[in-house]
Amino acid sequence: MTRISVKVDGVRYSDDVEPRTLLVHYLRETLGKVGTVVGCDTSNCGACTVHVDGRSVKSCNMLAVQADGREVTTIEGIATDGGLHPMQQAFHECHALQCGYCTPGMIMQAIDLVGENPDASEEEIREGMEGNLCRCTGYQNIVRAVQQAAGVMAGQAASSSQAGE
Amino acid sequence: MSHLSARPENPVVGEALPHESAVLHVTGRALYTDDLHPRTKDVLHAWPVQSPHAHARVTQLEVCAAYEIPGVVRVLTAGDVPGVNDSGTKNDEPLFPDEVCFVGQAVCWVLGETLEAARLGAAEVRVDYEPLRSIVTIADAIKADSYQGATRTVRRGNAMSALARAAHTFTGEITFAGQEHFYLETHASLATVGDDGRVFVQSSTQHPTETQEIVAHVLGVGAHEVTVQCLRMGGGFGGKEEQPHGFAAVAALGATLTGRPVRVRLNRTQDLTMTGKRHGFHAAWRVGFDHDGHLVALQTTLTSDGGWSLDLSEPVLARALCHVDNAYWIPDVEIVGRVARTHKTSQTAFRGFGGPQGMLVTEDIIGRCAPLLGIEPHELRRRNFYTDGQTTPYGQVVHQTERLVRAWDQVTSTAELERRRGALAGFNAAHEHVKRGLAITPVKFGISFNFTAMNQGGALVHVYRDGTVLINHGGTEMGQGLHTKMLQVAATALGVPLSRVRLAPTRTDKVPNTSATAASAGADLNGGAIKDACEQILARLRPVAAERMEVPVEDVRFEGGEVRAGERSMPWAELVHTAYLSRVQLFAAGYYRTEGIHWDPEIMHGTPFKYFAYGVAAAEVEVDGFTGAYRTRRVDIVHDVGDSLSPLVDIGQIEGGFVQGAGWLTLEDLRWDESDDPERRGRLTTQSASTYKLPSLSEMPEELNVALLERAHEEGVVYGSKAVGEPPLMLAFSVREALRQACAAFGPTGHSVVLDSPATPEAVFWALDEARRAYRPAVPEPTELGHPVQVTQV
């Protein structure tokens, strides 16, 4: 067993984990954060995507001990002040989900994508999201949702930078 | 207009609403079956001991060593089964087998305090096998005469004599692949035992009633001792119609033996190696056309690869035989179908349920024969459409063919097919190594279960004293939006706002004897039942309202949360409360059965379908002549969903179905080891997402336009709607046929392209290379290995 200290969705946890424990299993089974799901086990589908220190990571492909001392954000930690994150809001409004199983990972990947490239073109969105599989929707509305959220996030960034000036 | 299909004013059905669980999904709060175990105390985890052989007798099973592993609690074997050791409905699927019939089959299951303990324990179980002869491919099965279930024939007229008279006849064969469901949520069950010994199984199942029945017969108890609940599924696609039962039974058996909750959750490789897939098929055919290109006769024999047991192979085959005609009138037909028995997973339901396989045969025939007839494929297809009043080969009268024509014409004009065909010809003439293809294909798909008895639905509607409403129905939610539609139906029927209505998860102790959520029929059946329950309640409320408002009963209307009669009105909640005080029953069980259908499975004749769903798609692809790599440039779809109950949901189903169909036909390549190496034979070699290619964003059409067919009210179906789950999958034939035409453009005019399915880039390369070589003079060439199919003009 190895002691790790990790901040997840704003809360600090210290736990003993077996060194081979995957981050996703630590999140789900130790912390009970079942919003992050396991799809394929082989890092192909992206259903388990979370943020580690602000960047998207497939949590089935990372050990819990690698998260020691770092900050993890899951789908359960991105809504603020009781309101949905613009990406959550957009996936909801655009019907960018059906069974919903890929949705947490899609949203976490999309937030990272837009954070890195706020003006992503449709082609860049397609490319940036291709590591996340959806078996239900045919992806059309997912692209639409990411575009819509990117617009909202750009507006928010602009207004917060104005507020800061 | 019938009472069932008529809509009131300002209905909630028809509103474009997001999925009812969308907020839960985007926040990660939606619970799937396996999310329950971290919040359940003292759960045991299960791990299977899987067969390494495609076919072998189990000569000895020694489980003692497993108990040496710390944390192993129990090994479940055949001796533990108090009831029937079988997890199927045909009594041919032993849960703990003494003869294994595919690589990966579970021989026994180990329960542990942790998943790791169970896994290590399973590794210690010693199984001795005596390998037996195995059959892996359909070709081997045909050669060995290895079949299961009944052989069926759909026959009309005399195909043989019609073929003899036909102006043009062709013959050919095709073998095409199945498909892995790859629902993102793998199979999962969690069983607990109550204080009275009754079992509660939470299962990711499309068919809770059948899961309940299998669990009960494995446990040797009555169905009333077992309750099955399905919260929701992370995708089903047919793969959870018959396949969950065994896993639920293992969990339930473990729970009854240990008194502790038992969790069965397959990892991806276990799911891929243990559960059934879409059936691959082989078809051999002879077809006849008249001088004008009209189909006059078809004789074909379809052989499906059923895998090791029957499962749903017989009904899948029946639907395949009933869809060989697709949208085309063929006067004389003989369609023979049989199910091969092979040593693979037991192939099962998958969106379309044989329909896509039946249609593929005819779309392939038309695609291959059009150049030989010298008729453009789109013209050949259009020329052979059914007209109203003609009957299918199995005897059902075809209606609404004008919808097919309207959809075809709409795609043709909005997608500018005429102009683009010209542009495409110019492009192909100007490019030697890159070619484009553009194809348009129709879908006609029969709605209802072929097995007439399954066309019934049930619902339970509660109106509480505060006027809020809770509904239950027999259908399960797998992402298709059924619950969203059912909420809309209930709100519409009661005349209350959507916010007043909630829906509780599907449970067998709420609504019994349910049919599988399958055959696209979920909304038709359960919607009819919910509407019935709501109307029973309104019928009881109406006199109360009339008395209270002092108006005639027939004037009372329920609308927008108000009860109205002329100028008078009262709030819904007030009426409900008044009714309660007057001792009026405020809950009802609703029921619906599809009228007007009948089917004789022995002679494959009748009117099995309530109606047909129609759709048309046009696809344009671009193919690289050096590699066979291709991209889909544009797709245009017009699809008939009746008067949509929920347009966002329906368009989502159309887009998703199309993409899943395109995956089956072009990308998804199931491979089984066919070698004689005893260590490998029969092994699924594509047993993870790293080797089984699924459609991702990078294969999406660059442009996808979807429209719902207008003026499409469906008489006699709930609020005028039509089923949508399966039919759009078959719109993807447009992509396959476009690829064929692009390949053809590499060859001389009149070259018939033989294209494997799936049409992977590799398959496309061989097809276009064959077309290129057709330019060369007729020096006899050796048959290309890997090309099992030939068209010859007889």
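The basis for the numbers below is simple: all heavy atoms, side chains too, and nothing from hydrogens, waters or symmetry mates. Quantities reported herein were computed from a predicted structural model and do not represent experimental measurements.
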request  = Could you tell me which portion of B/Leu31 (side chain, backbone, both or neither) has an atom closer than 4.5 angstrom to a non-hydrogen atom of chain A?
outcome  = side chain
Spatial distance of atom NZ (B/Lys693) from atom CG (A/Leu133) [nearest 0.5 Å] = 7.0 Å
ask   = Which atom pair, heavy atoms only, marks the closest approach of A/Val143 to B/Leu697?
value = CG2-CD2, 3.6 Å
note = All heavy atoms of B/Asp34 vs all of A/Arg28, minimum pair found to be O-NH2, 3.4 Å
key: Least distance between heavy atoms, B/His25 atom then A/Leu97 atom   = CD2-CD1, 3.7 Å
inquiry  = Within the supplied structure, the quantity of interest is the number of heavy atoms (other residues, nucleotides, ligands) at a distance under 6.0 Å from A/Glu127 CD; does it exceed 12?
reply    = no
message = Is B/Asp271 close to chain A through its backbone or its side chain, or both, or neither, when contacts mean heavy atoms under 4.5 Å?
response = neither
ask   = Do the ring planes of B/His19 and A/His95 sit parallel (below 30°), tilted (30 to 60°) or perpendicular (above 60°)?
value = parallel
ask   = Got B/Arg265 and A/Val38 here, is their nearest side-chain heavy-atom distance under 4.5 Å?
value = yes
note = Comparing B/Ile654, B/Asn267, B/Leu184 against chain A, the one with the most heavy-atom pairs below 4.5 Å turns out to be B/Leu184
key: Contact origin within B/Gln653 toward chain A - heavy atom pairs under 4.5 Å   = both
query = Could you state the interatomic distance from CG (B/Leu694) to SG (A/Cys45), rounded to the nearest 0.5 Å?
reply = 9.5 Å
request  = Grab the two heavy atoms, one from B/Tyr32 and one from A/Tyr101, that are nearest each other, plus how far apart they are.
outcome  = OH-N, 3.1 Å
message = Counting C-beta onward and ignoring hydrogens, is there a side-chain heavy-atom pair between A/Gln98 and B/Val649 closer than 4.5 Å?
response = no
inquiry  = Can you tell me which of A/Ala96, A/Ala79, A/Gly39, A/Cys102 forms the most heavy-atom pairs within a distance under 4.5 Å of chain B?
reply    = A/Gly39
Region of B/His181 in contact with chain A, defined by heavy-atom distances below 4.5 Å = backbone
task = Against chain B, work out which of A/Gly77, A/Cys99, A/Gly138 has the most heavy-atom pairs shorter than 4.5 Å and name it.
result = A/Cys99
message = Looking only at heavy atoms and a cut-off of under 4.5 Å, which of A/Gln88, A/Glu123, A/Gln140, A/Arg135 has the most pairs with chain B?
response = A/Arg135
ask   = Do the side chain of A/Tyr139 and the main chain of B/Glu699 share a donor and acceptor less than 3.5 angstrom apart?
value = no
inquiry  = Quick check on B/Met233 against chain A: is it the side chain, the backbone, both or neither that has a heavy atom closer than 4.5 Å?
reply    = backbone
request  = Check each atom of A/Thr137 against the heavy atoms of chain B and say whether the ones under 4.5 Å are side chain, backbone, both or neither.
outcome  = backbone
ask   = If you count heavy-atom pairs under 4.5 Å between each of B/Arg232, B/Glu702, B/Arg29 and chain A, which one has the most?
value = B/Glu702
message = Heavy-atom cut-off 4.5 Å, strictly under: side chain, backbone, both or neither for B/Phe658 against chain A?
response = neither
remark   = dist A/Cys136:SG -> B/Phe237:CZ (nearest 0.5 Å) comes out at 3.5 Å
query = Would you find a donor on one side and an acceptor on the other, under 3.5 Å apart, between the side chain of B/Arg39 and the backbone of A/Gly32?
reply = no
query = Is it the side chain or the backbone of B/Val26 that comes within 4.5 Å of chain A heavy atoms, both, or neither?
reply = both
key: Gap between atom CE of B/Met700 and atom CD of A/Glu122 - 0.5 Å precision   = 12.0 Å
note = OG1 (B/Thr27) and CD1 (A/Ile107) are apart, to the nearest 0.5 Å, by 8.5 Å
Rounded distance [0.5 Å steps], OG in B/Ser688 versus CG in A/Asn44 = 6.0 Å
